[in-house]
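Just so we're on the same page: letters track the sequence lines, and every chain starts at 1. Being a predicted model, the structure only gives us computed values, none of them experimental.
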There are 2 protein chains.
Amino acid sequence: MEKKKKPRLSDVALLAGVSIGSASKALSEPDKVRPDTLARVKDAVQRLGYIADGTARALASRRSRTVGTILPTISNPIYAAFVQALQKQLAALGYHLIVASHEYDDEVELDLARGLIERGADALVLIGSEHHPRLSHLLDSAEIPTVAAWSYSPFGAHPFVGFNDRTGGQIAVRHLLGLGHRRFAILSGPTTGNERQRARISGIIETLSAHGLECPPDCRLEMPFSISSGDAAFRAVQQMAVAPTALVCCSDLLALGFMSAAAREGLRIPDQMSVTGFGDIEIGKLVHPALTTVRVPIEEIGTKTASMVVELIANPAAGTSADVEVDLAIRASTGPA
Amino acid sequence: MEKKKKPRLSDVALLAGVSIGSASKALSEPDKVRPDTLARVKDAVQRLGYIADGTARALASRRSRTVGTILPTISNPIYAAFVQALQKQLAALGYHLIVASHEYDDEVELDLARGLIERGADALVLIGSEHHPRLSHLLDSAEIPTVAAWSYSPFGAHPFVGFNDRTGGQIAVRHLLGLGHRRFAILSGPTTGNERQRARISGIIETLSAHGLECPPDCRLEMPFSISSGDAAFRAVQQMAVAPTALVCCSDLLALGFMSAAAREGLRIPDQMSVTGFGDIEIGKLVHPALTTVRVPIEEIGTKTASMVVELIANPAAGTSADVEVDLAIRASTGPA
DNA sequence: TTGTACGCGTTATCAA
DNA sequence: TTGATAACGCGTACAA
């Protein structure tokens, strides 16, 4: 019943009574063959249940129609949503997506990049623009198109798709200032190797100073990106010399973790303290109080990244970076000082 | 400075002063060559910055060292966590992971499967065991190793990795019965093409009947998997002929959505109604009240799936399915009737 | 243990 | 427009 051997293109050509070259063209460039040969080839494909061998195709054409992405982690909802959008658009453009995660280890990231290049990825999507020192060289010598997503500056000569993190920090603080807050604390993820976190912090601090407010180092907390960081963050905030009335977080996950700890410890938000997040992941709307946060168009970043990556594959010189806008989603976790 | 052409294996062999065959072996089976040839090859690789061409390797070896997975969506935290674990373990075993999502459309799923096969994936990971009628034929004729994750029965002849959904439904209900509840409602995702949802519902209903309780069709709600379904679900529950004191959800997302709507509408949980979820996604602990839910070892499913898939690639006949245990995470969303 | 030579299945070039 | 043929870069029997 079943054919023992998988049909090859030559089998299709034979059955269709055309040359193997014509069969190939019929499948890849249908407009470039006569209608009847196209029909016969298509018919033969149907009858044989022919499925092209992408591996051989990739070798001969030097294009795998695959792009690789290296993320910190897929578990963070913000990257999950990003990958979903990226994958969807890539699929629409005829590309597959290989995902890899380094869990915040840039040595691992470097290895993963090497692996993806070796694997034949046509392009790479990285997060941010600060990476292992050797990664840049690697990408250059491999001459692989790369885009820095979630970034607001190029990574080397590679274009980016992202938004102004600094602005994000600013609008969060302005909102809080408008509510009458004067004593702030900042909770961010690790800042080394993460220019986005640093930019957000800068936006926060500079807005504060513009209003004559200080944010001494003692008011700045740096914790791993995870909900469970909330506990330690809560304790640290409680022990601050000057008790803040507002906590500006550079990540939704961190904000949510803090609020969870606060609820457990009986600190009322926003009555006793206002909290803002960054990213606008879906669950921010579900918690009580709902999280006021800097809204980032995650899907748009994913979609634009996909389009740019495909453009870059077609024309490696086409590096026109794109930026998206952020704004503030005002919900219930912030209130008057 | 830069080499214009990328070095090939023959260049490595030349520089190392060995044959191309030896160079190949040195890289793939280091134990099978003399130490000094190995050293010379490695040295040449270093000096040339040689990166193997995975495409050519795949064509010659008929192994791409890539597995593909087709999910409903990566946005659902439960699949995001799954992919993260799957990818991590696969990477540890030397495999890349291509992700694709069909967003609950089995025609799309079929096309994606075809694409992954064409692409040369060594194996496929699917979710559940009910798919497009033609998918089974496709997998058979392509002879591609496949595992059904999140499933408790084989998909055709393909092994599964999952848990007893029915048991999950049972333990949720038993907990509620123990709290004195007698009037139940069920909220599930779409049941067509989703044997897991049906099994969970069965587990719920049969446990109810075992205790002499009915759950008329009027008490069963079916909504799309999404937090926003919570609003419609809330309204539907309010209009039920017999007001339930407990809502058993077959998905955390749905439970969370319902609780969000309930909070907005002033329905107090668990005082006026108890709610249980299914899956135990991380955010269930953050909402207030924290969600009582059937805990599923998501990471374990991902890890075991990865191991099984690699095993299956090595030995396609090795189909030994694996199941994991579920239990109940009792938190604050359930209370006395 | 090492080297030779062929095969993997397709695309691309070029002549007809 | 079509057909023959040379790459594509590596794995792998088989022979030495």
Side-chain angles (χ1 to χ4, degrees), chain A residues 3 5-42 44-45 48-66 94 117-122 142-143 313, chain B residues 3 5-42 44-45 48-66 94 115 117-122 142-143:
Chain A
K3 281 91 191 162
K5 294 289 293 174
K6 282 166 205 156
R8 305 177 307 171
L9 185 56
S10 60
D11 298 322
V12 173
L14 201 66
L15 182 60
V18 300
S19 82
I20 185 171
S22 301
S24 173
K25 261 218 277 292
L27 295 179
S28 51
E29 305 167 293
D31 329 314
K32 299 219 150 192
V33 297
R34 274 201 324 238
D36 69 313
T37 48
L38 174 60
R40 296 169 62 189
V41 170
K42 286 208 159 187
V45 166
L48 271 63
Y50 169 75
I51 292 186
D53 184 323
T55 315
R57 173 175 291 180
L59 179 59
S61 68
R62 306 139 155 306
R63 293 226 112 81
S64 64
R65 298 196 78 80
T66 295
I117 291 169
E118 184 166 333
R119 180 73 207 20
D122 290 339
E143 293 175 30
I313 291 171
Chain B
K3 282 93 193 162
K5 294 290 292 175
K6 280 167 208 156
R8 305 178 306 173
L9 185 56
S10 60
D11 298 323
V12 173
L14 200 66
L15 182 60
V18 301
S19 82
I20 186 171
S22 302
S24 174
K25 263 217 276 289
L27 296 180
S28 51
E29 305 167 293
D31 330 315
K32 298 218 152 192
V33 297
R34 274 202 323 237
D36 69 313
T37 48
L38 174 61
R40 295 168 63 189
V41 169
K42 287 210 158 186
V45 166
L48 270 59
Y50 170 75
I51 293 186
D53 184 325
T55 316
R57 173 176 292 178
L59 180 58
S61 67
R62 304 139 157 304
R63 292 228 113 82
S64 64
R65 297 197 78 80
T66 295
I117 291 170
E118 185 166 332
R119 181 71 222 335
D122 290 339
E143 295 175 29

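In this structure, the helix from C/dT1-D/dA16 to C/dA16-D/dT1 shows an angle of 30° between the axis at its start and the axis at its end, each fitted on 5 base pairs and rounded to 10°.
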Requested in this report: Begin from the C-alpha positions of A/R62 and B/T55 and carry the test side chain to side chain contact (heavy atoms under 4.5 Å, CB included) through to its verdict.
Outcome: CA-CA 9 Å; A/R62 306 139 155 306; B/T55 316; over 6 Å; no
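For A/S22, the side-chain hydrogen bond (donor to acceptor under 3.5 Å, both in side chains) criterion is met by A/S19, not counting sequence neighbours. Residues forming a salt bridge (charged side-chain N to carboxylate O under 4.0 Å, His left out) with A/R119 (at least two apart in sequence, or on another chain): none.
Contact between A/A13 and A/A23 at its shortest, heavy atoms only, is CB-CB, 4.0 Å.
Residue A/T55 is classed as having no contact, given no heavy-atom separation below 4.0 Å to the nucleic acid.
In summary, contact between chain B and DNA chain C, defined as any nucleotide atom under 4.0 Å from a heavy atom of the protein, begins and ends at C/dT1 to C/dG9 in the 5' to 3' direction.
Contact check for A/V41 versus A/V45: side-chain heavy atoms found under the 4.5 Å cut-off.
Within the structure, a side-chain polar atom (N or O) of A/S22 is placed less than 4.0 Å from OP1 or OP2 of D/dG3.
The CG atom of B/L9 sits 11.0 Å away from atom CG of B/L14, with the distance rounded to the nearest 0.5 Å. Atom-to-atom distance recorded for B/R57:CZ and B/L27:CG is 7.0 Å, nearest 0.5 angstrom. In this structure, B/L15 CG and B/Y50 OH are separated by 13.0 Å, a value rounded to the nearest 0.5 Å.
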Report task. Let me have a per-nucleotide readout for nucleotides 8-13 of chain D, 5' to 3', with B, S or -, counting only protein heavy atoms under 4.0 Å. Result -> BBBSB-
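Within the structure, the salt bridge (Lys or Arg N to Asp or Glu O under 4.0 Å) test picks out no pair touching residues 18-31 of chain B (sequence neighbours left out).
Of the possible polar contacts, one joining the A/S28 side chain to the A/S24 backbone as a donor-acceptor pair under 3.5 Å is found.
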